[in-house]
Amino acid sequence: MTINDIYNTRPKFYKILPSTGINKLNKIQIYQNDFLAELHPSGHKINDPLYYENIFKTVEKTDSKGNKYQQVVEIAIERVSIAMQQIILTKHLTHLCGKDIRFVYSGSNYTQVKKNLVKELKQGWIKKNMETAKYDFCKSVKATGDGAFCAVIDKGKFSYRVFSALNGDGLHPVFGFDGKLKQFGRSFTAFDYEAGEEVLYMELWDNTYFSRYRYSLANKNADQDGWETETKPTPHGFNEIPIVYKKVDKGACWSDVQDLIDKLEMALSQLFENNKSYAFRIMVIKGGFEIQGDLRGQARAIMMDDTDGSAGFMEKADASNSFTVQLEQTLKFILMGSFTVLPPEVKGGDLPGVTIKILYSPAVEQGINDKNEYNSSIDEMVSLFKHGYGVELEQVSDYDGLDVRGDIDVYVHQNDAEIISNINTSVLDGSLSVETGAEKHPYAASDEYDRLLKQQREELTGTGGIETYKGEEDNTYNQQQAQTK
């Protein structure tokens with residue numbers, strides 16, 4: 001494939017339309033720019049006068065010569081756009097990314113050496129901010145329909161990059177017949193200070209090499225499609241393409257309820273416009289009168305010279321009950337369709353864990369679905385991280401041979417005191433090991449069990465932290481415990 005072929009390979013998203021009766025799916029293409037506009041309240045359709053028109057009114061005016069004429073003027077109306085998409089996105093990401101990745105060893109013969117490698121892997125994951133990488137990757141997919149994680153080895157050090165339409169990147173994945181990613185391109189623009197203009201670039205990865213190209217029809221070194229080599233193909237240092245790409249066909253996480261969000265904003269805009277005229281009482285005055293004070297503020301007095309004159313207020317119009325029901329039901333089905341739960345009002349103290357799970361069950365159900373959908377991408381990220389971090393520590397073979405995968409833990413609002421009590425009870429009655437209890441404790445560090453062993457050793461030997469603990473000394477420690485008993 002040529003560079004131009006890869007550049008023209010872009011993910012497509014579709015909106016399903018009602019069936020036409022023909023044996024073919026009725027759909028129209030939608031674009032990631034639509035998702036970006038929906039994400040920001042200023043880009044919502046309600047702010048478009050072609051979608052929700054202003055009021056046009058004919059008024060009578062007088063020119064400089066005293067002649068009267070009619071003129072049509074445009075009166076701006078109230079427009080209400082709400083950040084509902086950002087609320088849905090934040091709620092989804094909280095449950096999907098609220099807890100750190102749980103590393104699961106899937107191999108056999110879990111020796112102390114492998115335990116130490118897993119512990120170092122966990123610490124390296126935190127050190128390299130891989131939880132942030134996971135969040136940025138998931139946010140891109142949730143907000144724009146796709147995203148890409150890129151592992152990087154630069155001068156023997158591991159780092160990462162996340163590509164997203166949120167940052168102005170164009171993603172160009174190329175898949176083989178087996179469904180695996182074969183090549184990946186990332187297009188972007190950067191300002192060329194010499195040329196004084198924005199220039200289009202394309203970065204390209206395959207199973208072995210990384211390269212960068214620049215688009216320029218003016219340069220004679222460019223190929224027939226206009227691409228010239230900026231960075232020659234160089235090995236990227238991985239055994240596979242260092243890209244994790246994910247696409248969700250329906251697009252953004254709020255796409256299923258976008259039509260309802262548009263209707264809610266329309267209803268709110270009509271309510272606000274209606275309230276400008278009818279939310280406040282209107283004063284009615286009969287007969288001749290004179291007002292003392294500022295008409296724009298509070299009148300101090302009204303003086304009437306007509307014995308038949310009177311003044312009073314018209315009562316303000318009450319909002320229709322059906323209109324209130326419309327707003328409430330629209331919001332209800334937006335939250336229901338997006339599996340979003342707003343914080344409930346809690347009148348008492350701490351709630352039991354089962355009550356919390358019931359209150360947040362729609363969000364938890366969405367989190368479980370997301371876990372199964374994103375786990376394969378997390379496994380690919382862990383695999384690339386193992387190799388890259390192994391290169392950095394000069395232990396490539398050890399980390400490549402480590403049979404470890406990453407598993408997403410869905411975040412559920414919880415009562416920490418209740419969980420700690422349950423863990424302590426399970427450890428004491430022997431149904432849960434001390435090691436598992438240390439891992440599951442809400443406040444535990446990644447190496448909590450090792451810290452407990454070290455603390456016990458110091459208490460037995462009286463070293464008070466002077467002794468240096470190494471995982472390989474466990475056998476000696478166990479012998480000391482046996483002698484003590």
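The figures here come from the full heavy-atom set of this structure, side chains too, leaving out hydrogens, waters and symmetry mates.
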*asked:* Applying side-chain contact (heavy atoms from CB on, under 4.5 Å) to Val113 and Lys115, what does each step give before you reach the verdict?
replied: CA-CA 5 Å; Val113 174; Lys115 287 183 179 180; over 6 Å; no

*Determine whether the aromatic ring centres of Trp125 and Tyr389 lie less than 6.0 Å apart.*
no

*asked:* salt bridge (Lys or Arg N to Asp or Glu O under 4.0 Å), that's the test. Do Asp259 and Lys263 meet it? Break it down for me.
replied: CA-CA 6 Å; Asp259 184 60; Lys263 287 181 169 59; 2.7 Å; yes

*asked:* Could you tell me if Thr2 and Asp5 have a donor-acceptor pair between their side chains, going purely by distance under 3.5 Å?
replied: yes

*How close do Phe35 and Trp254 get, heavy atom to heavy atom, and via which atoms?*
O-CZ2, 3.4 Å

*Do the side chains of Glu203 and Ser211 get nearer than 4.5 Å, heavy atoms only?*
no

*Determine whether more than 12 heavy atoms belonging to other residues, nucleotides or ligands lie under 6.0 Å from atom CD of Glu198.*
yes

*Would you call the rings of Tyr215 and Trp227 parallel, tilted or perpendicular if under 30° counts as parallel and over 60° as perpendicular?*
perpendicular

_Distance-only polar pair, side chains of Ser431 and Asp429, donor-acceptor under 3.5 Å_ = yes

*How would you list, by chain and number, every residue that makes a salt bridge (Lys or Arg N to Asp or Glu O under 4.0 Å) with Lys250, sequence neighbours excluded?*
Asp256

*asked:* Looking at every non-hydrogen atom in both residues, tell me the closest pair between Ser164 and Ser140 and how far apart they are.
replied: OG-OG, 2.7 Å

*Does Asp169 reach the main-chain N or O of Ala165 with its side chain, forming a donor-acceptor pair under 3.5 Å?*
no

*Verdict with reasoning, Phe191 to Tyr193, per ring pair (Phe, Tyr, Trp, His ring centres under 6.0 Å)*: CA-CA 6 Å; Phe191 189 79; Tyr193 290 94; 5.0 Å; yes

*Got His172 and Tyr7 here, is their nearest side-chain heavy-atom distance under 4.5 Å?*
yes

*Are Lys246 and Tyr374 in a cation-pi contact, defined as NZ or CZ under 6.0 Å from the six-membered ring centre and within 45° of the axis?*
yes

*Test salt bridge (Lys or Arg N to Asp or Glu O under 4.0 Å) on Arg214 and Asp192 and set out the steps.*
CA-CA 11 Å; Arg214 169 192 173 111; Asp192 188 333; 2.5 Å; yes

_Are Val404 and Ser106 packed together at the side-chain level, in the sense that at least one heavy-atom pair is separated by less than 4.5 angstrom?_
no

*Is there a donor in the side chain of His236 and an acceptor in the side chain of Thr208, or the other way round, less than 3.5 Å apart?*
no

_Both conditions, 6.0 Å and 45 degrees, for the charged tip of Lys99 above the ring of Tyr411: are they met here?_
no

_4.5 Å side-chain heavy-atom contact, His44 and Glu265_ = yes

*Is Lys386 reaching over with its side chain to a backbone N or O of Leu402, donor-acceptor style, under 3.5 angstrom?*
yes

_Flag if over 12 foreign heavy atoms under 6.0 Å of CZ, Phe175_ = yes

*asked:* side-chain contact (heavy atoms from CB on, under 4.5 Å), that's the test. Do Phe149 and Ile243 meet it? Break it down for me.
replied: CA-CA 6 Å; Phe149 166 85; Ile243 299 291; over 6 Å; no

*So which of Phe158, Phe238, Tyr399, Tyr160 actually passes ring-ring contact (aromatic ring centres under 6.0 Å, His included) with Phe385?*
Phe158

*asked:* Looking at Thr436 and Leu432, would you say the former's side chain and the latter's main chain have a donor-acceptor pair under 3.5 Å?
replied: no

*What is the minimum heavy-atom distance between Pro49 and Arg79, and which atoms define it?*
CA-NH2, 3.8 Å

*Report yes if some heavy atom in the side chain of Leu264 is under 4.5 Å from a heavy atom in the side chain of Leu327; otherwise report no.*
yes

*asked:* Can you confirm whether Asp262 sits close enough to Ile46 that some side-chain heavy atom of one is under 4.5 Å from a side-chain heavy atom of the other?
replied: no

*Does the pair Arg405/Asp407 count as a salt bridge with the N-to-O cut at 4.0 Å?*
yes

*Any idea which heavy atoms bring Val162 and Asn167 closest together, and the distance?*
O-ND2, 4.0 Å

*Asp370 side chain vs Val410 backbone, donor-acceptor pair below 3.5 Å*: no

*Salt bridge Lys114-Asp398, side-chain N to carboxylate O under 4.0 Å*: no

*Please report the closest heavy-atom contact between Glu240 and Ser383, naming both atoms and the distance.*
OE2-OG, 3.5 Å

*Under 6.0 Å between ring centres, would you say that holds for Tyr201 and Tyr213?*
no

*asked:* Tell me whether Arg186 forms a cation-pi arrangement with Phe184, defined as NZ or CZ under 6.0 Å from the six-membered ring centre and within 45 degrees of its axis.
replied: no

*Determine, stepwise, if the pair Val257 / Thr340 fulfils side-chain contact (heavy atoms from CB on, under 4.5 Å).*
CA-CA 11 Å; Val257 295; Thr340 302; over 6 Å; no

*Flag yes if more than 12 heavy atoms outside Lys122 fall under 6.0 Å of its NZ atom; otherwise flag no.*
yes

*asked:* Quick one about Gln112 and Asn116 (side-chain donor to acceptor, distance below 3.5 Å, no hydrogens or angles considered), yes or no?
replied: yes

_Donor-acceptor check, side chain of His92 to backbone of Gly367, threshold 3.5 angstrom: yes or no?_
no

*Side chains of Gln183 and Asn207 in contact at under 4.5 Å (non-hydrogen atoms)*: no

*asked:* Please check: side-chain N/O of Ser426 versus main-chain N/O of Asn422, any donor-acceptor pairing under 3.5 Å?
replied: yes

*Is it true that the NZ or CZ of Lys91 lies under 6.0 Å from the centre of Phe339's six-membered ring and within 45 degrees of the ring axis?*
no

_CZ/Phe272: more than 12 non-hydrogen atoms of other groups inside 6.0 Å_ = no

_Has Thr461 got a side-chain atom pairing as donor or acceptor with Arg457's backbone, closer than 3.5 angstrom?_
yes

*Using a strict cut-off of less than 4.0 Å between a Lys/Arg side-chain nitrogen and an Asp/Glu carboxylate oxygen, indicate whether Lys128 and Glu392 qualify as a salt bridge.*
yes

*Just checking, is any N or O donor in the side chain of Asn369 or Glu373 under 3.5 Å from an acceptor N or O on the other one?*
no

*Does atom NZ of Lys371 have more than 12 heavy-atom neighbours, drawn from other residues, nucleotides or ligands, at distances under 6.0 Å?*
yes

*Under 4.5 Å between any side-chain heavy atoms of Leu36 and Asn33, yes or no?*
yes

*Is Ser187 reaching over with its side chain to a backbone N or O of Met202, donor-acceptor style, under 3.5 angstrom?*
no

*Between Asp206 and Lys182, does at least one N-O distance fall below 4.0 Å, as a salt bridge requires?*
no

*With sequence neighbours left out, what residues match Asp146 under salt bridge (Lys or Arg N to Asp or Glu O under 4.0 Å)?*
none

*Search all heavy atoms of Met381 against all heavy atoms of Phe137 and return the closest pair with its distance.*
SD-CD2, 4.4 Å

